[in-house]
Amino acid sequence: MITIQELQEDYKRFKEENSLQKNIFKLKKELLSSDSDNFLEFHYEISYDLSLKDGIRNMIKSFFYADVDNNRDKNKVAAFLYGKYLEILNNKGKGELLRMLGHLRIPLAKELAEKEISSPDYDLRYNSIIVLGWTGTPKDLDVLNNRMIKDSNPLLRGYCATSMRQIWHRNPDTKNEIVLYIYNAIHIEKDNDALVGMIITIQDLYMRKFGIKESHYGDISGNVTKAKGEVVKFLNKTIKL
């Protein structure tokens with residue numbers, strides 16, 4: 001097994017040779033060969049190395065929750081990241097750590113998301129909504145619905161709808177409940193950023209298009225106002241109140 005000193009030397013050499021991108025998967029294999037405290041600490045340190053390009057830095061962060069070539073104990077990694085979550089003072093960093101915990105799909109991430117979803121901070125609410133989509137159960141639909149109605153940020157109101165969609169993928173019998181939540185929300189929603197999330201969720205639940213296209217990369221196109229009208233007309237005929 002590689003030692004922490006060897007790992008640090010390899011990282012330093014890759015940077016000096018400007019070959020980090022070429023050797024990124026070698027670095028990954030070395031990082032994930034151990035879940036000792038010094039390996040985890042070094043991994044965390046280089047995840048925030050500002051001398052790296054954003055793409056490389058984000059890829060190194062993603063190794064914390066990688067499925068391939070990962071010999072680490074997920075619970076130990078989670079405990080380490082949660083310790084960082086408790087230590088860090090800025091909300092942007094807390095939100096990022098919450099999301100990393102969410103990628104591990106552990107109960108703790110869900111508990112934190114339920115707690116932080118009502119935070120006054122945008123980053124904490126945003127990441128909480130996303131994590132609840134990944135880890136939530138049907139019982140969390142009411143929490144997301146509350147945010148979808150009350151959140152001050154229209155993008156987050158829309159993300160609440162798409163997080164409900166994530167829960168539906170794992171629990172298809174939640175369809176009617178989600179439809180009713182969105183039916184009530186879409187009638188009072190006037191902001192296109194929020195409406196888009198609601199419309200694409202309804203499109204997926206019913207497997208039909210109402211005028212909004214969502215690419216594989218999440219890009220959106222279409223007439224939102226017209227699509228809202230089509231959704232409302234369809235739901236008026238479809239659902240039973």
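At a threshold of 4.0 Å, the pair R157-D151 does not count as salt-bridged, since none of the basic side-chain nitrogens sits closer than that to a carboxylate oxygen. Ion pairing of E189 with K228 is absent here, as no side-chain N (NZ or NE/NH1/NH2) approaches a carboxylate O to less than 4.0 Å. Salt bridge annotation for K110-E114: present, with a cationic side-chain nitrogen under 4.0 angstrom from a carboxylate oxygen. For E230 and K226, the salt-bridge test fails: no basic side-chain N is under 4.0 Å from an acidic carboxylate O. Classification of E214 and K209 as a salt-bridged pair fails, no side-chain N sitting under 4.0 Å from a carboxylate O.
Aromatic ring pairs are classed by plane angle as parallel below 30°, tilted from 30° to 60° and perpendicular above 60°; the pair F210 and F234 is tilted. A perpendicular orientation is assigned to the rings of Y44 and F80, their planes being inclined by more than 60° (bins at 30° and 60°).
Side-chain atoms of E45 and Y11 include no donor-acceptor pair closer than 3.5 Å. Side-chain atoms of D121 and S119 include no donor-acceptor pair closer than 3.5 Å. A donor atom on one side chain and an acceptor atom on the other are not found under 3.5 Å apart for Y126 and N153. Residues Y159 and R147 have side chains that never bring a donor and an acceptor to within less than 3.5 angstrom of each other. Counting only N and O atoms by type, the side chains of N236 and Y183 include a donor and acceptor under 3.5 Å apart.
With rounding to the nearest 0.5 Å, the separation of CD in Q8 from CD1 in I46 is 9.5 Å. Separating the CG atom in L89 from the NZ atom in K94 is a distance of 7.5 Å, to the nearest 0.5 Å. In this structure, the separation between CD on E177 and CG on N145 is 8.5 Å, given to the nearest 0.5 Å. Put simply, CG on L112 and CD1 on I106 are 8.0 Å apart, with the number rounded to the nearest 0.5 Å. Atoms CG and CG, on L20 and D49 in that order, are 8.5 Å from each other to the nearest 0.5 Å. The NZ atom of K115 sits 10.5 Å away from atom CG of L98, with the distance rounded to the nearest 0.5 Å.
Within 6.0 Å of the CG atom in N18, the count of heavy atoms belonging to other residues, nucleotides or ligands does not exceed 12. The environment of Q21 atom CD is sparse: at most 12 non-hydrogen atoms of other residues, nucleotides or ligands sit within 6.0 angstrom. No more than 12 heavy atoms of other residues, nucleotides or ligands sit less than 6.0 Å from atom NZ of K92. For K233, the NZ atom counts as loosely surrounded, since its 6.0 Å shell holds 12 or fewer non-hydrogen atoms of other residues, nucleotides or ligands.
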Take D73 and D35, measure what side chain to side chain contact (heavy atoms under 4.5 Å, CB included) needs, and give me the verdict at the end. CA-CA 7 Å; D73 182 330; D35 54 19; 3.3 Å; yes
Just do the side chain to side chain contact (heavy atoms under 4.5 Å, CB included) check on V131 and H103 with the steps written out, would you? CA-CA 8 Å; V131 169; H103 276 293; over 6 Å; no
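Judged by a 6.0 Å distance limit and a 45° cone about the ring axis, K74 is not positioned over the six-membered ring of Y65.
For the pair K84 and I88, the minimum side-chain heavy-atom distance is 4.5 Å or more.
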